[in-house]
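The block underneath contains the structure these notes are about, expressed in structure tokens.
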Amino acid sequence: MKVAALLATRATRAHRKAWTAVFAALTLTSLLLGAFGLTLVSAWSAHPRVERYAGADLVVAGDQTTRFSAASLGERETVSAGLTERVRIPRTALTVVRGVPGVRAAVADVEFPVGLAGSAATGSATESATASATGRPWEAARLAPYALRTGRAPQRADEVVVAGGGGPERGGADRVGQRLTLRVGGHDTAYTVVGVADGPRTAVWFTDAEARRLSGHPEALDAIGVVAESGTGAGELAGRVRKALDTAGVTDVGHRADGDPATVRVLTGDDRGEAEFLAAEPARGELLAALGSVAGAVVLVSLLVVSSTIVQALRQRSHELGLLRAVGATPGQLRAAVGREVGRVAAWAALVGAAGAAPAYLGLRALLDARGALPTGLELTLLPPLWLTPLVTAAVTVLAAQAAALIGGARTATARPAEALRERAPGRGRGITGLVLLGVGASAAGTAALQRGATAAAAAGAAAVTMVIACAVLGPWIAEGAMRLLGAPLRLFGPGGRLAAANCAASAHRLGAAITPIVLVTAFAGVQLSGGATLTHAGDAQARQVLRADLAVHADGGLPAGAVERIREVPGVRAATEIVPGTVLLARSQLGAPELERLPVFGVTPEGLTRTLDPGPRNGDLTRLRPGTVAVGADRADSLGVRPGSTVTLRFGDGQEARLRVVATYQRSIALGDFLLSRDDLLRHTSMPAASGAGRVLVATAPDADRKAVTNALARAVPGARVEPDPAPVRGEAAEQALAEVVSVAVVGAVGGFTVIAVLSTLALIATGRRPELRLLRLAGAGRGQLRRMLRLEAAATVVTGLVVGAAVASVPLLAFSMATTGTVPYLPPAQAAVIVSVVVATAAAGSLPPVWGTLRGRYPR
């Protein structure tokens with residue numbers, strides 16, 4: 001051990017520059033893994049914020065989770081998904097809860113959208129002066145609790161309490177005695193402000209009876225807030241309430257699927273926030289899924305870069321290690337010495353990276369907040385013990401470094417002393433391993449071609465990573481083949497070109513090590529960026545093709561009752577279609593495993609549909625879309641094996657299941673979603689009241705109509721509505737799209753920067769190891785200009801090979817993914833492609849030339 005310690009100490013001092021590159025790579029590895037680990041554990045421990053139920057000891061609410069079971073590998077497996085629409089409970093639950101011993105108060109709560117009516121014309125368009133607000137019963141204000149600042153509680157149906165401050169659009173709505181015209185469910189009603197209270201600026205409180213009427217579901221409640229008597233614990237009371245509800249047989253409102261129990265929930269502690277912010281819990285699951293989908297790729301990329309850097313650092317010293325072996329050092333002594341060297345560098349680098357993991361994690365959280373990728377109310381929390389996660393990932397980094405050191409020095413350590421000084425060609429086993437990995441990657445790409453959505457994206461990512469690893473294993477052979485192709489063009493550049501061609505052909509092993517990180521950064525960035533860009537590009541193109549309408553009409557709080565009919569009667573209007581966005585869940589078995597897929601959909605009125613929208617009908621008749629029916633996107637119809645006349649079983653956003661008859665199929669499903677439903681069907685399962693005017697109305701004008709006159713006529717026909725002269729394209733956005741984009745950009749930025757350091761380190765190590773070679777060439781008569789040209793051409797050959805191989809690796813899974821999801825070739829924005837190429841070129845130049853400038857200076861070689 002003393003010999004190993006001495007060798008490690010002397011080698012560390014003698015090879016500071018080589019270990020500096022390794023230190024930088026290990027530091028970034030530890031930082032990246034630590035930040036990623038903190039994000040994962042914070043998402044795992046996240047919970048919705050508790051605001052308006054902060055004063056309640058427990059909350060009784062509907063079950064916002066739907067479940068699906070199927071046989072997988074001979075066993076019954078169950079998956080679950082959060083519901084983003086309100087699951088309501090029967091009003092009879094209030095009587096049951098009030099009768100439980102220990103309950104001091106049980107308060108019913110309902111919520112519904114409210115608009116402040118009124119409009120102001122601007123030019124030819126009418127811009128609404130409405131402000132979106134939320135209505136609730138005044139009794140529920142005590143659950144926060146929100147107290148009155150001034151005035152009194154509402155006592156009559158035409159009285160309301162507003163939140164303090166009102167808001168800029170209210171125009172002094174917080175003054176007691178002011179008359180307000182509020183729009184709920186498309187109906188305008190005048191109310192008198194009788195009080196001002198604390199609370200959100202968009203809150204409006206009504207009497208309990210009026211709130212019950214305006215909610216649109218008088219026999220159902222959104223939630224019940226329970227206040228315990230003094231001395232009664234929340235946990236104990238929750239058990240009593242649970243037992244009372246079970247005994248009374250109280251379940252959620254609506255029909256659930258078989259195997260999906262509709263059990264009313266009793267929430268305590270942080271779980272109370274789930275009854276307030278419905279999108280928070282599904283978003284937490286989506287965040288975990290998004291992070292999990294790239295977790296394997298991030299870890300594999302990190303380990304690959306670390307291994308490549310350490311192996312390259314040790315390869316530069318292969319002759320030194322071989323000499324030690326030849327003069328009598330045992331394999332154990334060499335392994336121990338190398339392990340100690342790497343261990344010292346890795347330990348310090350891992351600790352430095354762990355220290356930077358927390359700021360990197362906070363930066364990612366700030367990015368998520370800035371892009372609005374997380375819904376309001378979801379809090380990413382970290383318990384004190386979880387802040388130690390970077391120490392765990394630092395230990396993983398050290399272990400990975402030690403494993404790389406063991407691999408890098410294995411051949412020299414085990415070679416016979418007489419052969420230790422000779423550099424051996426890569427073995428047959430390495431070639432077979434690389435070919436097997438290529439086959440696995442191609443199989444994963446084939447899986448992506450047969451799947452859709454998240455499954456296809458995950459398969460494409462796995463294919464890209466596997467093929468990158470295969471290219472790293474096959475690096476010497478790839479470099480040798482590339483040099484056979486590039487050798488002739490290089491020789492056209494004179495003596496420097498001939499030297500470059502000869503060096504590249506003779507050092508394929510070294511060139512393969514330089515190509516690997518370039519392939520990695522090109523393929524990884526290409527797959528991550530192009531996957532989302534391809535979907536967005538195809539969706540935007542379809543959205544422009546879908547829209548035929550010339551105008552759009554909508555209003556906060558809903559359009560007045562009968563607005564669509566009045567719009568159709570306006571002179572110059574050719575057709576009007578109301579369109580409402582929503583979500584459904586499709587339960588199915590995928591590759592033998594149960595899956596619940598959340599999909600964006602639209603509910604529409606069929607009258608005149610094809611004049612305002614062009615879904616690209618394939619089979620059937622879209623005008624036959626009525627309650628109980630559905631139109632299906634062509635790709636989804638093919639995967640489900642349905643056609644007009646078949647039935648499809650869907651779960652709506654509130655968890656209720658329905659069997660719908662297919663009346664048509666259509667082509668443009670990227671923009672419109674995989675299902676088009678009846679507007680009335682979809683509204684019955686949303687959190688908003690099922691009343692007229694909940695969405696927006698697309699209006700197609702007659703060819704000879706004066707559009708300005710039609711706009712003004714629509715404003716008069718539907719007072720208080722917004723009339724858009726250039727309506728935005730119709731596009732069904734997946735709920736997790738913004739989240740996926742932020743995660744993708746963050747991961748590409750982190751891994752891209754990381755692999756850039758790897759490229760720089762690897763090329764710098766190679767260049768540093770070539771100094772004796774360059775001195776010998778100068779002594780043999782090569783000029784400085786010839787050597788500079790040789791180095792530039794070698795760097796260019798490395799960049800071209802890396803970019804071409806990386807693009808080829810990325811194109812295989814991307815082509816399979818894009819053809820399966822969009823039917824088009826992959827798309828990468830030119831600016832992003834230019835950034836990838838520019839970064840690779842600049843990094844290769846910085847890693848190849850500066851380390852040898854000193855050798856090329858002066859009249860005599862140094």
Side-chain angles (χ1 to χ4, degrees), residues 47-48 50 52-69 78 80-111 136-137 139-140 142-144 208 211-212 215-278 280-282 651-657 685 687:
H47 61 81
V50 182
R52 67 175 188 255
Y53 295 136
D57 295 292
L58 54 94
V59 177
V60 178
D63 187 357
Q64 293 290 149
T65 302
T66 185
R67 303 161 189 85
F68 173 58
S69 300
T78 301
S80 61
L83 299 171
T84 54
E85 301 292 349
R86 175 72 64 182
V87 177
R88 299 186 174 93
I89 58 177
R91 185 168 286 272
T92 55
L94 185 62
T95 303
V96 174
V97 173
R98 284 174 174 170
V100 174
V103 172
R104 187 174 74 186
V107 180
D109 190 19
V110 293
E111 184 181 19
R136 298 179 63 213
E139 182 68 15
R142 65 182 292 189
L143 298 175
D208 293 350
R212 178 177 178 179
S215 68
H217 46 87
E219 299 306 319
L221 301 174
D222 289 359
I224 300 172
V226 180
V227 180
E229 291 181 347
S230 178
T232 302
E236 178 187 359
L237 184 58
R240 295 178 190 172
V241 172
R242 173 79 275 159
K243 183 178 180 180
L245 292 170
D246 291 342
T247 301
V250 177
T251 60
D252 295 338
V253 172
H255 170 69
R256 293 283 193 109
D258 294 338
D260 185 17
T263 304
V264 174
R265 298 179 302 165
V266 181
L267 308 173
T268 60
D270 290 336
D271 291 342
R272 293 171 296 169
E274 295 179 19
E276 297 185 43
F277 301 101
L278 303 183
E281 189 60 25
R651 300 186 186 191
F652 288 97
D654 60 354
Q656 296 188 40
E657 187 180 63
H685 301 280
S687 299

Closest non-hydrogen contact found for L58 with A234 is CD2-O, 3.9 Å
Could you tell me if the side chain of P282 sits less than 4.5 Å from the side chain of L83, heavy atoms only? no
Just so I know, are the side chains of E85 and F652 near enough to count as touching, which here means a heavy-atom distance under 4.5 Å? no
With sequence neighbours excluded, tell me which residues meet salt bridge (Lys or Arg N to Asp or Glu O under 4.0 Å) with R272. none
Can you give me the closest heavy-atom contact between A61 and A223, atom names plus distance? CB-CB, 4.3 Å
Where do T268 and A238 come nearest, in terms of heavy atoms and distance? CG2-CB, 3.9 Å
Residues at least two apart in sequence or cross-chain that pass salt bridge (Lys or Arg N to Asp or Glu O under 4.0 Å) with D270, listed by chain then number, are none
Among R86, R212, R88, which one satisfies side chain to side chain donor-acceptor pair (under 3.5 Å) with H217? R88
With sequence neighbours left out, what residues match Q656 under side chain to side chain contact (heavy atoms under 4.5 Å, CB included)? D654, H685
In chain order, what residues pass the salt bridge (Lys or Arg N to Asp or Glu O under 4.0 Å) check against R240, with sequence neighbours excluded? E236
Ignoring hydrogens and angles, write down the donor-acceptor pairs under 3.5 Å from the side chains of residues 256-267, residues two or more places apart or on other chains.
| unit_1 | atom_1 | unit_2 | atom_2 | d |
| --- | --- | --- | --- | --- |
| R256 | NH1 | T65 | O | 3.1 |
| R256 | NH1 | D260 | OD1 | 3.3 |
| R256 | NH1 | D260 | OD2 | 3.1 |
| R256 | NH2 | D63 | O | 2.5 |
| R256 | NH2 | D252 | OD2 | 3.4 |
| D260 | OD1 | R67 | N | 3.2 |
| D260 | OD1 | R67 | NH1 | 3.4 |
| D260 | OD2 | T66 | OG1 | 2.7 |
| R265 | NE | G62 | O | 2.7 |
| R265 | NH1 | E274 | OE1 | 2.8 |
| R265 | NH2 | G62 | O | 3.0 |

Considering non-hydrogen atoms only, spot the tightest contact between T78 and S69 and give its length. OG1-OG, 2.6 Å
Which heavy atom of A108 sits nearest a heavy atom of L221, and at what distance? CB-CD2, 3.6 Å
Pairs satisfying side chain to side chain donor-acceptor pair (under 3.5 Å), at least one member in residues 223-235, at least two apart: none
In residues 90-100, what donor-acceptor pairs under 3.5 Å come from side-chain atoms, sequence neighbours left out?
| unit_1 | atom_1 | unit_2 | atom_2 | d |
| --- | --- | --- | --- | --- |
| R91 | NE | P218 | O | 3.0 |
| R98 | NE | A106 | O | 3.2 |
| R98 | NH2 | A106 | O | 3.2 |

With E139, which residues qualify under salt bridge (Lys or Arg N to Asp or Glu O under 4.0 Å), at least two apart? R142
Can you confirm whether L143 sits close enough to R52 that some side-chain heavy atom of one is under 4.5 Å from a side-chain heavy atom of the other? no
Closest heavy-atom contact between A144 and A54? O-CB, 3.4 Å
